[in-house]
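To keep things clear, I will list the structure first and then write my remarks on it.
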Amino acid sequence: MIIDGKKISTEIKDELKDQVAKLKAEGIEVTLAVVKVGEDPASAVYVRNKEKACEYIGINSKKIEVPEETTEEELLKLVDDLNTDPAINGILVQLPLPKHIDENKILLAIDPIKDVDGFHPVNVGKMVIGEESFLPCTPAGIIEMIKRSGLDIEGKECVIIGRSNIVGKPMAILMLRENATVTVTHSRTKDLPEVCKRADIIVAALGKAKFVTKDFVKEGAIIIDVGMDRDEDGKLCGDVDFDEVKDIASAITPVPGGVGPMTVTMLLVNCLRSVELNK
Ligand code: GUN
């Protein structure tokens, strides 16, 4: 089975559209502020996709673009203004930020009740102990797409490749919350293909084109590809060698059209959740 992230995310967006219409009927507008610093080309694409998704379900997006030279103090001031603006429900600062700005400092400045990315330490902590919070969009989208494909997580061996704060680490926590047995692997892991071969579910989030080959995959495993890479011909591909792995896996996500659309959709889910929290 090819897990169609685009189709699943459209289903969810159509559900959200109805919720937005109901809020509008009550006189409630939802507004997401998206802050982009500098001219990173990948960030420009991600921000555009987020704006389009907001438009699709009928929520407002306020894009704030500031130049590469913006200082940390200026960005902190901007975040603070958005924190106190009652018309703003959710705040997203697109990462990565320029090198002279301390990313953690900026994420810490976002009011946790407007933190639709789920990156503030308060929300990360709540996620870890299982309290209601904003969940990071990519890992939350992966759980949602597995469930909506009718696949079980409970009791499964899940191997995650990559330990970033945005994907690998929160993915481990959310898989644990679903009662999977979780292994987190990284660049110093010994015998990575052997470890991955034990997995019923592999989540590849390391950022290397076609890194996961058939030598990593057990017959019937579920393969989730978080990669957004370019192959030797400059073509968009994932961290998984799709052609080599697709016939061994029982289910696999494509790139593009897999995890990517789910990430954007979970951001919209979080924006609607922020309306509840902001009340
Ligand atoms: N850069 C790459 N992924 C993300 C994300 O999910 N949120 C933000 N803010 N920046 C990102």
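Indexing begins at 1, ligand by ligand and atom by atom, following the structure's order. Atoms considered below: every heavy atom in the structure, side chains included; atoms not considered: hydrogens, waters and symmetry mates.
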Problem - N-O pairing of Lys22 and Asp18 below 4.0 Å - result: no
Completion exercise
min-distance protein heavy atom vs atom 11 (C) of ligand 1 -> Gln94 NE2, 3.3 Å
Exercise for the section: Answer whether the closest heavy-atom distance between the side chains of Thr189 and His186 falls below 4.5 Å. Expected result: yes
Exercise for the section: Please determine if Glu157 and Lys218 form a salt bridge, counting it only when a charged side-chain N lies under 4.0 Å from a carboxylate O. Expected result: no
Problem - Verdict with reasoning, Arg273 to Glu132, per salt bridge (Lys or Arg N to Asp or Glu O under 4.0 Å) - result: CA-CA 10 Å; Arg273 180 174 282 178; Glu132 168 90 13; 3.6 Å; yes
Handout entry: Leu82 side chain near Val35 side chain, heavy-atom distance below 4.5 Å
Key = yes
Problem - Short N or O distance, Tyr46 and ligand 1, threshold 3.5 Å exclusive - result: no
Handout entry: Test of proximity, Leu92 against ligand 1: N or O pairs below 3.5 Å
Key = no
Exercise for the section: Could you tell me whether some N/O pair between Thr138 and ligand 1 is separated by less than 3.5 angstrom? Expected result: no
Problem - Minimum side-chain heavy-atom gap Lys17-Asp14 below 4.5 Å - result: yes
Problem - Of the listed options Ile166, Asp40, Val93, closest to atom 3 (N) of ligand 1 (non-hydrogen atoms) - result: Ile166
Exercise for the section: Considering only non-hydrogen protein atoms, determine which one is nearest to atom 6 (O) of ligand 1 and report residue, atom name and distance to 0.1 Å. Expected result: Asp117 OD1, 3.8 Å
Problem - Nearest non-hydrogen protein atom, atom 10 (N) of ligand 1 - result: Leu95 N, 3.0 Å
Exercise for the section: Give yes if a backbone or side-chain nitrogen or oxygen of Pro96 is under 3.5 Å from a nitrogen or oxygen of ligand 1, and no if not. Expected result: no
